[in-house]
Structure formats: structure tokens, C-alpha cells
Colleague: 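Quick one: the structure is below, and I'll ask about it shortly.
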Amino acid sequence: MAQAAAVAEPPAPPRRRRASATPRRLPYLLIAPAALLMLGFIAYPVVSVFYYSLQNYNPTKPWRNGYAGLDNFVHAFTDDPQFWDTLTFSAKWVVVEVGLQLLCGLALALIVNQTFVGRGLGRALVFSPWAVSGVLTSAIWVLLYNSQTGITRYLADLGIGEYGTSWLSDTSTVFPAAVVADLWRGVPFFAILILADLQSVSKDLYEAAEVDGASRLKQFWHITLPHLKDAIVLSTLLRAVWEFNNVDLLYTLTGGGPAGETTTLPLYIANTSVDAHNFGYASALTTVAFVILLFCSVVYLRLSKFGGENK
């Protein structure tokens with residue numbers, strides 16, 4: 001009797017364990033607390049500003065509160081000349097400050113990038129003003145501009161100018177005086193970012209340029225500047241936004257005076273909300289400032305081709 005040969009079936013391959021979803025979700029769970037905090041501290045105030053911009057909201061005059069629609073925006077563009085004056089001064093302030101800070105910061109970065117005795121100390125001195133807060137910077141320059149004990153007193157002793165002169169109370173000198181004060185604080189920001197980018201420039205490029213007979217000016221124009229393009233674009237954009245929103249230094253130095261000569265749009269917004277308690281109109285002005293900054297930032301990044309290849 002023929003016996004059927006038992007054919008042993010090969011063992012079934014071990015079943016692959018389904019990958020747990022927990023490791024994939026772990027990064028999101030870890031950043032969830034920070035994301036919730038950002039949502040609470042950033043998103044909620046932004047939404048509140050947009051909401052109040054459509055309202056008449058003044059706690060001191062509650063009988064006038066209510067929905068205003070676009071009345072606050074119409075008033076800003078048609079019936080408020082101070083809005084246009086402050087916006088014009090803000091643009092002037094940003095262009096002058098960012099331009100001068102970029103030039104001085106670039107020059108300082110190129111200097112401290114060289115090898116010389118005491119370079120570490122020199123870098124520390126260059127970067128030290130950036131560690132000083134805006135209010136403390138303002139206090140320092142208020143003392144320096146004091147008509148009794150400041151710079152003008154010593155210049156008068158040398159026969160330059162008159163005693164009792166206050167640069168911060170004269171409409172012809174208050175702007176350059178404020179520019180110099182903010183220049184002292186803002187230059188290190190550009191110097192730090194540009195110096196960090198200069199450290200990554202290959203020395204071989206300069207050596208090859210020297211072999212080809214390129215001068216220092218040509219090396220700077222064709223090697224250094226193209227390499228610094230993205231750093232310059234990013235730093236100027238960030239600094240322009242910060243200078244546009246500058247309130248602490250001008251408020252402490254001049255309070256927006258004399259005669260409103262140094263009142264920026266954010267300072268006007270602060271005065272409208274804090275002093276006049278007109279939070280609805282101040283929110284509308286804030287919304288306008290946000291749209292202006294967003295539009296200018298997008299246009300600037302597009303025109304500068306930020307992140308693109310240098311040709």
C-alpha cells in the first residue's frame with residue numbers, strides 16, 4: 001500500500017508588526033505646548049486687533065461703542081492728516097536708519113573680520129551696544145544731549161554753539177540727534193550677522209582672485225558682496241520692520257516732539273490708544289500698518305530674489 005508522503009509545509013513567515021503610530025506623533029506632541037502658547041499669545045491678539053478695528057471702542061465713552069464697519073479706515077485715509085504725517089516720517093526714519101546702519105555695520109564687520117592684535121576685545125566693544133535695552137539706550141543719550149551736562153555744554157566750552165542748547169527740542173536738530181542715538185544701538189545688529197556670514201567665505205576664492213590680479217575693490221564687489229546678499233537682504237528686512245515699529249527710543253528721547261516732528265505711526269498709535277483711549281481707531285491704524293509692512297516685505301523679497309542663486 002502506497003503511503004502518501006507527507007509534505008511539510010514551510011513555516012509561515014513571521015507577521016510584520018504594525019508600526020506604532022506613537023513615534024510618528026511624538027514630534028507633534030512635543031511641540032504642542034509651544035504651539036498652543038504661540039497661538040494664545042500671538043494669534044489671539046492679532047484677531048482681537050482686527051475685530052476692534054471694525055468697532056468704536058473707547059472705555060471712557062461707552063455710549064459711543066459699537067460696530068463701526070470701515071469708518072475707522074475711512075477716517076484714517078480721508079480725515080486724519082496726522083496719519084499721513086506720521087506715515088511719511090516713519091518711511092523717512094526707516095530708510096535713513098536702515099541705510100546708515102547697513103553701511104556702518106558692513107564696514108565694522110569687514111574691519112573686525114581681519115586679523116589684528118586685540119581682535120577679540122574689538123569685537124566685544126563693537127557688539128556691546130546691542131546688549132543694551134532700548135529704554136536704557138534712550139536714557140544714556142538723554143544724558144548725553146542734556147543742555148546742562150551733555151555734549152552741547154562741552155562744545156560751548158570750546159566755542160562751538162551756545163550754552164543751554166538742546167538738540168532734542170530744536171526742530172532742525174532733533175531728527176539727526178535721534179538718528180545718531182538709534183544708530184549706536186542698531187549698527188551691531190548688522191555687524192554681527194554680516195561677520196557671521198563673512199566667516200564662511202572660502203579663502204581660496206580670494207587667493208585665486210589675487211593670482212588673477214584682482215584688486216581689493218574687485219574682490220569685495222565680485223566675491224564678498226554676492227556671498228553676503230542673502231544676509232544683507234534678511235538683516236535689512238528685519239531691521240526695517242523693527243525700525244518701523246520703533247517706539248521705546250523715540251518715546252523716551254523726544255516723546256514724538258517737538259511739534260510732532262519725530263512721531264512715527266506706531267508712536268501715534270500708542271498715543272491714540274493709551275492717552276486718548278480710542279482703541280478702535282488705534283486698532284484700525286495697527287491693521288493698516290500691518291498691511292503696509294506685509295506688502296512691502298513681500299515686494300522686497302521678490303525684487304531681491306532672496307534665497308536664489310547669485311549670478
Side-chain angles (χ1 to χ4, degrees), residues 16-55 57 59 65 67-70 72-73 90 94 98 101 127 130-137 185-186 188-197 199-200 228-249 251 264-270 272-274 279-309:
R16 298 180 61 184
R17 298 181 60 183
R18 185 176 181 181
S20 175
T22 302
R24 294 198 301 267
R25 296 176 182 174
L26 183 60
Y28 301 99
L29 294 175
L30 293 176
I31 67 174
L36 292 176
L37 287 175
M38 292 182 61
L39 185 65
F41 286 99
I42 297 179
Y44 176 74
V46 170
V47 174
S48 297
V49 167
F50 290 153
Y51 170 76
Y52 284 113
S53 67
L54 303 175
Q55 306 290 323
Y57 182 66
N65 294 344
Y67 181 72
L70 300 178
N72 289 326
F73 298 96
S90 297
V94 169
V98 174
Q101 289 177 20
F127 301 151
W130 185 245
V132 181
S133 67
V135 175
L136 184 56
T137 299
R185 182 181 64 168
F189 170 76
F190 284 95
I192 293 171
L193 289 184
I194 294 176
L195 177 62
D197 208 27
Q199 301 296 310
S200 62
L228 296 176
K229 174 196 167 186
D230 285 348
I232 291 176
V233 171
L234 180 61
S235 59
T236 51
L237 177 60
L238 292 176
R239 196 61 189 164
V241 173
W242 294 340
E243 289 297 343
F244 184 89
N245 294 319
N246 190 337
V247 173
D248 54 354
L249 185 137
Y251 182 81
T264 59
L265 181 58
L267 186 55
Y268 178 47
I269 293 172
T272 302
S273 58
V274 178
F279 292 98
Y281 186 56
S283 297
L285 294 178
T286 304
T287 303
V288 172
F290 170 77
V291 173
I292 291 174
L293 287 177
L294 180 62
F295 175 78
C296 293
S297 299
V298 172
V299 172
Y300 181 64
L301 291 176
R302 288 296 185 98
L303 293 178
S304 62
K305 298 180 181 178
F306 177 73
E309 296 182 359

Colleague: What residues, two or more places apart in sequence or in another chain, satisfy side-chain contact (heavy atoms from CB on, under 4.5 Å) together with F127?
Modeller: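 Partners of F127 by the side-chain contact (heavy atoms from CB on, under 4.5 Å) criterion, ordered by chain and then number, come out as R123, A191, I192, L195.
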Colleague: Write out all pairs satisfying side-chain hydrogen bond (donor to acceptor under 3.5 Å, both in side chains) with one or both partners inside residues 41-54, taking only residues at least two apart or from two chains.
Modeller: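 Non-adjacent pairs meeting side-chain hydrogen bond (donor to acceptor under 3.5 Å, both in side chains): zero.
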Colleague: Please report the closest heavy-atom contact between L54 and Y67, naming both atoms and the distance.
Modeller: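 Nearest heavy atoms, L54 then Y67: O-CD1, 3.5 Å.
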Colleague: Could you pull out all residues at least two apart from S200 that satisfy side chain to side chain donor-acceptor pair (under 3.5 Å)?
Modeller: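 Testing S200 for side chain to side chain donor-acceptor pair (under 3.5 Å), a comparison that skips the adjacent residues, returns H227.
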Colleague: Ignoring hydrogens, what is the shortest heavy-atom contact between K229 and K305? Give both atom names and the distance.
Modeller: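 In this case the closest contact between K229 and K305 is NZ-O, 3.1 Å.
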Colleague: Locate the shortest heavy-atom distance separating P45 from I42; write the atom from each residue and the value.
Modeller: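 Minimum heavy-atom contact is CD-O, 3.2 Å.
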Colleague: For the atom pair CD (E243) and CG (N245), what is the distance rounded to the nearest 0.5 Å?
Modeller: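 With rounding to 0.5 Å, CD (E243) is 10.0 Å from CG (N245).
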Colleague: Could you grab the distance from atom CG of D230 to atom OG of S235, nearest 0.5 Å is fine?
Modeller: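 It is 10.5 Å, given to the nearest 0.5 Å.
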Colleague: Can you name the side chain to side chain donor-acceptor pair (under 3.5 Å) partners of Y300, sequence neighbours left out?
Modeller: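 Only T236 meet the side chain to side chain donor-acceptor pair (under 3.5 Å) criterion with Y300.
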Colleague: Spell out, as yes or no, whether a donor-acceptor pair under 3.5 Å connects the side chain of N72 to the backbone of Q55.
Modeller: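 Answer holds: yes.
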Colleague: Are the side chains of N246 and Y251 in contact, using a 4.5 Å heavy-atom criterion?
Modeller: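 No, their side chains stay 4.5 Å or more apart.
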Colleague: Tell me the closest heavy-atom pair linking F279 and P59, and the distance in Å.
Modeller: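 What the structure gives for the nearest pair is CD1-CD, 3.5 Å.
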Colleague: Please report the interatomic distance CG(L234) to CG(L228), rounded to the nearest 0.5 Å.
Modeller: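 Going from the CG atom of L234 to the CG atom of L228 covers 12.5 Å.
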Colleague: Among pairs that include at least one residue of residues 279-293, which meet side-chain hydrogen bond (donor to acceptor under 3.5 Å, both in side chains), considering only residues two or more places apart or in two chains?
Modeller: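 Counting only pairs at least two positions apart or across chains, the side-chain hydrogen bond (donor to acceptor under 3.5 Å, both in side chains) contacts touching residues 279-293 are D80-Y281.
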Colleague: What's the separation between atom CG in L285 and atom OG in S273, rounded to the nearest 0.5 Å?
Modeller: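 L285 atom CG to S273 atom OG measures 9.5 Å (nearest 0.5 Å).
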Colleague: Measure from the side-chain N and O atoms of S90 to the backbone N and O of L265, and report whether any donor-acceptor pair falls under 3.5 Å.
Modeller: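 A pair under 3.5 Å: yes.
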Colleague: Checking F290 against V49 for the side-chain contact (heavy atoms from CB on, under 4.5 Å) test, could you report, in this order, the C-alpha distance in whole Å, the side-chain angles of both residues, the deciding distance, and whether it holds?
Modeller: CA-CA 10 Å; F290 170 77; V49 167; over 6 Å; no
Colleague: Just jot down the side-chain contact (heavy atoms from CB on, under 4.5 Å) partners of A240, sequence neighbours excluded, or say none.
Modeller: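 By the side-chain contact (heavy atoms from CB on, under 4.5 Å) rule, A240 matches V94, V98.
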Colleague: Could you tell me the separation between the CG atom of D197 and the CD1 atom of I232, rounded to the nearest 0.5 Å?
Modeller: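 One gets 8.5 Å once the value is rounded to the nearest 0.5 Å.
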Colleague: Atom CG of L267 and atom OG1 of T272: how far apart are they, to the nearest 0.5 Å?
Modeller: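 Result: 9.5 Å between the selected atoms.
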Colleague: Please check if the number of heavy atoms outside F244 that lie under 6.0 Å from its CZ is greater than 12.
Modeller: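 Counting other residues, nucleotides and ligands, CZ of F244 exceeds 12 neighbours.
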